[in-house]
Every structure is written in structure tokens, then in C-alpha cells.
Amino acid sequence: MTTENILEQAASWRAEGRKVAVATVIATWGSSPRPVGSQMAVNEAGGMAGSVSGGCIEGAVVHEAQKTMADGEPRMLSFGVTNEMAWEVGLACGGQVQVYVEAVE
Amino acid sequence: MKRAILDRLLKAKAEKLPVALVTDLNSGLQSLVFEEGVHGEFGLDEITLIAIRGRLHQDRSGLMTDPQDEEGMGLFVQVHNPPVRLLIVGAVHIAQALAPLARMTGYEVTVIDPRGAFATAERFPGVALSDAWPDEGLAALKPDRRTAIVMLTHDPKLDDPALILALRSDAFYVGALGSKRTHASRLDRLREMGLTEAETARIHAPVGLDIGAVTPAEIALSIMAQVTAVRRGEPAGV
């Protein structure tokens, strides 16, 4: 699978009857590892495809994605050194990213 | 994301149609913007559509904020363009390493070689093959500004006609295998055939970044590194 096939993976999981959420990098500041538009698909079993950082925040995004799969509500997540969550899931590179998480119907 | 939107988006990708997925971050609603037409949960005014299609052309996803709505989060535009392409002339050993490397990098690869013993599915599993004469094969594939072309045959009667076509196309990268001496004699031939200095200056030769590559896989890596540098506008690509 290439990096461009995240939505194909999301659709294929949906077709198998799994719950799926898609996370998208919508804005970055400073030196963030993945550019705007980068995506990660997550299923309810914790399966992941793609990425939204160099691995620093994927765990936290999967956690939030589970909530979105449960309630269907989109979520806007911010990660970076100035964020209150920085101690846990700050970006080692010092950059900041904003990630939009939505459920796939 | 509504299933109908996702299905329509994937259909456009499969048909290699450029499309932008536009998300209203305030409501979560989404629409698809095509070169012609809009499909989805909300309409867009003409000025916004022009900006979104501009992003499609520039391959640039990003946020668009509405100056009338300072509190709102605005629209997020995610661009889905067809894959960039790498057209390889010469189904040689280096091409066998370059094709999978390019695919992993996100390129759609076609290998052109009229010599039947070279361009076989066994040597290039899963890669599109053309047994046309290189210049005709290239012309049929209509190289555009999202296309890179590499000549690897090392044989002037195969490489040169294709090279002329490549240099007169919009391809963002044109490279040709061969030592400095081989390239010097190639330039002499191309000049005799009427190509200008500006045209021949576009050829990356000896092909690839100078990383001391020796094996076919290492040469493929140096070529892919150079193609990447050129695509991303890095000086290392020069």
C-alpha cells in the first residue's frame, strides 16, 4: 500500500463492517514531520493505516478516534509544545499540528 | 464523512480525476469539487471554487478561512490529484530496481522497451509495460507537468528519439543514463538534430545524485533521490 491509499483502506474496513475514523493533518506550525493533508485511518480494533506525525502523536489520535467512532462526533485535536498535553504527547521536533478526526459513516 | 462522499471520492481517484474534498470544519459537512462541477452537502460560491481549483492545480491542501467569518474555523481543502508518473525507457536491470522504488515513493510507473526479451512481466511484476518504439510509446502516454522521464537503454537509437520528445514535453524531470563522455557525445548528436542549448540543458546526466552508487539498486536510489529533489524544488536536484 502506498501512502496515498488511506481512504481506500478506510472504505475497505467499513465494507468489512468495522467502525472507522479518519484523522487528517489540517494545519502545521514549525517543523512538523507530516505535511498538511496527511491522513491516518483507524478502526475500532486499533488497526491503523497511514500517519499524521513521525509516530509521536499517533497513540493519542487513536485514543480520540475511538471516541469519535463511538459518538460519531468529529474532533479537533491540537498537539505541540505549548499544548497542555505536551508532557505526554508533545512533538519531539518542537512543531505543532492540528488534526481533524471524523467518523466514516 | 458520509459514505456517499467517500465512495464518490474513491471513484474519482480510481478514474484518475483530480478532486478536492472540502470539509466545513464548523459543521463537519463535506463536498467534492471537481474540475467541473461540485457534489456534496453544500454549494460553494464562484470565488471560493476558483480558489479551491487553484489549490488542485498547485497540489496544495490546506485551510481556507472566510474573512467574513472570523470566529469560524473555515474550510479545509484536501487535494486528491492522480499519482505522479515515472516513465522509464529501457527495461534494463536498473529499471527493475527503479520501478518498485518509484512505486513506493508514490509514482505510477510505466516501462517502455520494444525489445521483447527485456520488457517481460516476469522481470517487472505488476508494472505497466509498453513494447512500443520509445518515442511513440512516450507520445502515447502524453507526459505532463506531473511526469518524470528516465532513459536507461544506453543505446542512442532507442534513447535519442525518446529524449527529444521528452525534452519538448512538460515533464518536470528528464534524466538519461550515461557517463560524462557518453553524455557529451549525446549532446553533440542532439545539437545536430536541431535541439537548442536550453532544451538539452534540461537533461539530468549523468543521471541521479552523486552518492557513489555502484549497483543497479544504488543507481535507482540516486535517480529517485534526484527526481524527488527536483519535484520538491530543492537545489540538490540541479
Side-chain angles (χ1 to χ4, degrees), chain A residues 1-29 31-44 49-52 64-65 67-69 71-78 96-105, chain B residues 1-14 16 18-30 32 40-41 55-56 58-65 72-86 100-109 126 146 231-232:
Chain A
M1 195 178 72
T2 76
T3 51
E4 310 300 323
N5 292 343
I6 311 307
L7 292 174
E8 283 82 351
Q9 178 66 70
S12 136
W13 278 334
R14 278 308 284 131
E16 291 168 12
R18 291 182 181 276
K19 287 186 176 172
V20 179
V22 171
T24 305
V25 175
I26 63 160
T28 65
W29 298 265
S31 58
S32 54
R34 295 294 325 270
V36 168
S38 301
Q39 284 189 313
M40 175 170 79
V42 182
N43 68 33
E44 90 273 22
S51 66
V52 289
E64 295 297 315
K67 296 184 196 167
T68 288
M69 280 180 250
D71 64 15
E73 291 299 316
R75 281 173 169 73
M76 189 68 75
L77 313 176
S78 296
Q96 295 179 53
V97 295
Q98 200 166 10
V99 177
Y100 180 73
V101 183
E102 61 191 312
V104 178
E105 190 186 67
Chain B
M1 178 185 277
K2 297 280 192 302
R3 196 52 213 261
I5 299 268
L6 177 59
D7 288 344
R8 185 81 180 254
L9 173 58
L10 294 182
K11 181 167 176 277
K13 283 182 74 179
K16 302 197 194 324
V19 58
L21 172 67
V22 183
T23 304
D24 182 334
L25 295 173
N26 298 304
S27 65
L29 297 178
Q30 293 173 314
L32 298 172
E41 300 178 284
R55 283 182 171 275
L56 263 182
Q58 295 162 16
D59 212 3
R60 196 161 58 91
S61 298
L63 281 171
M64 289 180 34
T65 44
M73 293 197 293
L75 301 174
F76 179 69
V77 180
Q78 191 185 32
V79 168
H80 293 271
N81 271 315
V84 280
R85 292 186 298 166
L86 176 66
L101 195 53
R103 282 171 76 180
M104 200 183 290
T105 315
Y107 289 74
E108 195 176 84
V109 178
R146 293 170 56 78
R231 177 161 186 233
R232 300 305 183 187

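These numbers were taken from a predicted model, which means no experiment stands behind them.
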Subject >> Sole candidate of B/K16, B/R85, B/R103 that passes salt bridge (Lys or Arg N to Asp or Glu O under 4.0 Å) when paired with B/E108 >> reply: B/K16
Original post:
Do the side chain of A/R14 and the main chain of A/E105 share a donor and acceptor less than 3.5 angstrom apart?
Top reply: yes
Subject >> Interchain contact, A/A11 with chain B, by part (heavy-atom threshold 4.5 Å) >> reply: both
Original post:
Between atom CD of A/E8 and atom CG of B/L9, what is the distance when rounded to the nearest 0.5 Å?
Top reply: 8.0 Å
**OP:** Could you tell me which portion of A/T28 (side chain, backbone, both or neither) has an atom closer than 4.5 angstrom to a non-hydrogen atom of chain B?
**Re:** neither
Original post:
Is it the backbone or the side chain of A/V25 that comes under 4.5 Å from a heavy atom of chain B, or both, or neither?
Top reply: backbone
Subject >> Point-to-point distance, once rounded to the nearest 0.5 Å, from CD1 of B/I5 to CG of B/L10 >> reply: 11.5 Å
